[in-house]
Amino acid sequence: MSRIQNASRAAARPSPARLLAVGKRHPAQAIAALAAAGQRAFGENYVQEAAGKIEALSGLGLEWHLIGHLQSNKAKQAAELFDWVQTVDRMKLVDALATHRPAARGALHVLVQVNIDDESSKHGCPPSEVPALVAAIRAAPSLRLRGLMAIPAPHADPGRRRDAFARMRRLFDTVAGQDPMIDTLSMGMSDDLELAISEGATMVRVGSSLFGARPSG
Ligand SMILES: *Cc1c(COP(=O)(O)O)cnc(C)c1O
């Protein structure tokens with residue numbers, strides 16, 4: 001996507017931010033078309049919906065990321081299906097994913113989801129809980145901590161959005177300083193990926209700008 005290239009260049013990044021293509025509510029054929037064009041990493045919000053697509057496209061060597069809220073009773077299925085889970089926000093989930101990751105799949109890559117705007121309706125852990133989750137994930141051999149993820153509040157004021165991205169970046173820098181494997185700050189979507197990259201995102205999650213409007217329902 002040229003928007004990512006341009007924003008990464010403007011931010012003087014050594015390498016462009018990674019694109020995660022978000023295919024929720026789009027059929028497997030739409031994902032296959034992007035895969036044919038060279039896209040490899042795909043994000044899904046719902047375990048059940050993803051299961052069918054992952055199965056249908058299993059021959060393509062794609063990398064699947066869960067980016068939707070994960071209920072504990074779906075953790076086993078998620079640990080079996082996905083390559084990455086970006087929405088780890090509580091200790092119970094760390095334990096469940098670590099327990100259920102099949103050894104044959106290798107380590108599950110995980111991001112800690114942070115509720116950076118302290119919205120009571122949103123998922124993600126408060127920034128104060130990040131150190132404990134980071135320590136627990138790093139202690140689990142079947143999990144590999146790769147970084148942090150956030151979905152900041154969609155403030156109309158870009159200054160407030162920038163501030164949330166900047167706070168994530170500072171939190172990320174303190175975590176990444178502990179371990180060279182921690183290389184991923186996942187933030188920014190179709191509407192604000194340039195802003196996110198300018199504040200330090202290494203991965204942007206893009207749906208509508210790639211796939212067009214989502215089918216409803
Ligand atoms: C849907 C979704 C996206 C992509 O949003 P667009 O605005 O369509 O780019 C990114 N991240 C999460 C967590 C999502 O649910």
Side-chain angles (χ1 to χ4, degrees), residues 1-8 16-28 30-31 33-35 37 39-54 62-71 74-75 78 81-90 93 97 109-125 146-156 158 160-162 164-165 168-169 171-172 184-217:
M1 245 194 136
S2 60
R3 283 175 63 193
I4 295 174
Q5 302 284 344
N6 293 340
S8 301
R18 248 189 123 193
L19 170 60
L20 184 72
V22 177
K24 60 171 177 262
R25 300 213 292 273
H26 290 284
I31 290 167
L34 265 192
Q39 176 63 27
R40 182 149 180 276
F42 289 88
E44 289 288 335
N45 289 64
Y46 309 102
V47 174
Q48 219 49 56
E49 179 184 337
K53 296 182 196 177
I54 293 173
L62 303 179
E63 181 182 293
W64 294 95
H65 294 230
L66 180 66
I67 61 168
H69 176 65
L70 179 56
Q71 294 170 302
K74 297 257 172 67
L81 278 173
F82 287 91
D83 302 295
W84 290 56
V85 173
Q86 297 204 3
T87 48
V88 176
D89 62 358
R90 57 200 191 278
L93 211 45
L97 291 169
H109 300 264
V110 305
L111 301 181
V112 172
Q113 182 182 0
V114 182
N115 185 350
I116 195 65
D117 282 318
D118 191 24
E119 296 173 277
S120 49
S121 63
K122 279 262 185 72
H123 299 294
C125 71
R146 296 295 298 271
L148 305 180
M149 178 271 210
I151 313 171
H155 287 301
R160 292 188 65 184
R161 289 202 199 191
R162 182 181 291 281
F165 288 142
M168 278 303 298
R169 167 62 180 276
L171 198 55
F172 176 71
T184 303
L185 178 54
S186 168
M187 59 185 192
M189 318 199 290
S190 293
D191 275 352
D192 54 13
L193 66 91
E194 284 87 356
L195 199 54
I197 290 171
S198 76
E199 293 300 332
T202 69
M203 179 183 286
V204 291
R205 308 178 307 265
V206 182
S208 46
S209 288
L210 278 176
F211 287 102
R214 281 182 278 280
S216 53

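Both counts, for ligands and for their atoms, begin at 1 and track the order of listing. Start at 1 with the first residue, then count along the sequence.
Checked options Arg25, Lys53, Lys24; the residue passing with Glu44 is Lys53 (criterion: side chain to side chain donor-acceptor pair (under 3.5 Å)).
Under the 3.5 Å distance criterion, the side-chain polar atoms of Arg205 are matched with a main-chain donor or acceptor of Ser186. No donor-acceptor pair under 3.5 Å is formed between the side chain of Asp89 and the backbone N or O of Cys125.
Under the ring pair (Phe, Tyr, Trp, His ring centres under 6.0 Å) criterion, Phe165 pairs with no residue at all, not counting sequence neighbours.
Between the side chains of Ser198 and Arg162, at least one donor N or O lies within less than 3.5 Å of an accepting N or O.
The protein residues lying under 4.0 angstrom from ligand 1, judged by non-hydrogen atoms, are Val22, Lys24, Asn45, Ile67, Ile151, Met189, Ser190, Arg205, Val206, Gly207, Ser208, Arg214.
The aromatic rings of Trp84 and His65 lie parallel to each other, with less than 30° between the two planes, well short of the 60° mark.
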